[in-house]
Amino acid sequence: MHLTKEEERILNGAHGWAEQTCMKILVRLGELFNAEKLIPITSAHVSGISYKTLGDAPIQYLKALADAEAKVKVKTTLNPQSLDPKYLVNKIPNELQKKQLSILEQFNRMGLTESLTCTPYYLSKLKRGTHIAWAESSAVVYANSIHNAWTNREGGPSALAAAIIGKTPDYGMHRPENRQPSTLVNVETKLKNETEYGALGIYLGKLLRDEIPVIHGLERDKNKLKQLCAAIATTGMTNMFQTSSSTRKITERIDVEEKDLKHTIEELSTGQNKKPDLVFIGCPHCSINEIKTVAQTVKGKKVRSGIEFWVCTSCHISEAAKDAVKQIENTGGHVLTGVCTVVSFTENLGIKNIMTNSAKTAYYAPTLSKAEATLAPVNQCLKTAFKG
Ligand code: F3S
């Protein structure tokens, strides 16, 4: 890989251990994928923030970087953590809270923005064609497909290294020749709700591996497409889809029928017909419109006893939708910021059955939350959670 003189100096340790380590990570990655050079990025997004998913060992690495005065060179946002500052903070053992705080402290010292959301694309507008280094697979697919920003699916360490150097290796989704669809997906049924968009993603992710599809038969509804983005990345390595294309390079065709989606939803609904302990909306984190829609539907109602109702979003969106948040909280429900069920310690709260409109959360419930799941559209979730 060709490095500039300055990049060589960083690699040789002229700027200290932290930048040298980050440069080594990027160069190794670039060599593995035959990148010819590093290219500048305009933002980074780092995942692996929750102590539940991160564990102890990486905290030492983050602390060593912060002690060596590593600082990010571009705007860098953070994925959700394991608790929120209002509700779960009172329910999680002190020991776990301390570990979580220590992770956030290291990121703060390095200058990362404490956004704590998997929808960083709601925080500032992404420019078409801009090169970014984002981890969090759902946001990667959204950035590439909806905004036409250019990012590979980074892991937490490579996104952080790119943030500290301000560059990423020029391979994969950063190259125009790798952004062409090769598979045509024909959705032969009209998708009725966001849950079916999620089910489509789970179904396609398994079939596509890392192929880019052009998918016919979708609505341009960003909240529904967000569910498709999250789910397609959950079961496969696809980093982008298109909804129309003039390419002649299509070599495969997948037809999706209503029964494929029905079967996918049934498979994910491992706890169907059981009363949920938790009804959860907000994977990926809710947009302002989604919060307002939930608030309008539940206004004046009360959450049923024996059921928790959570809506998850970023503090940025919660602040922007203050009145709607209040309405939801008046029902006995909770709007939690900076967290989600998958990366929080729900098993410590005795939650064994989760009802959700998110195919991604339903997919991870049995393994990461040790819970059964019921997958259903938001209206059905709200009917189950609320009286009247
Ligand atoms: Fe976001 Fe958590 Fe879902 S990080 S995409 S809400 S699993």
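The figures here come from the full heavy-atom set of this structure, side chains too, leaving out hydrogens, waters and symmetry mates. What you see is a predicted model, and the numbers here were worked out from it, not measured in a lab. Residues take their numbers from the sequence shown, with the count starting at 1. In each ligand, atom 1 is the first atom listed, and ligand 1 is the first ligand listed.
Placement of Val378 and Ile307 within a single hydrophobic cluster is found when ILVMFWY residues are connected by side-chain heavy-atom separations under 4.5 Å, directly or transitively.
Residues satisfying the side chain to side chain contact (heavy atoms under 4.5 Å, CB included) criterion with Arg109, sequence neighbours excluded, are Lys63, Ala66, Asp67, Glu105, Gln106.
Note: Trp17 and Tyr61 have perpendicular aromatic rings, judged against thresholds of 30 and 60 degrees for the angle between ring planes. Ring geometry for Tyr121 versus Trp134: interplanar angle under 30°, hence parallel rather than tilted (30 to 60°).
Side-chain contact check for His285 and Thr313: no donor-acceptor pair (N or O, by modelled atom type) lies under 3.5 Å.
Geometrically, Arg179 engages Trp150 in a cation-pi contact defined by less than 6.0 Å to the ring centre and at most 45° from the axis.
Of all protein atoms, those that are N, O or S and lie under 2.8 Å from atom 1 (Fe) of ligand 1 total 1.
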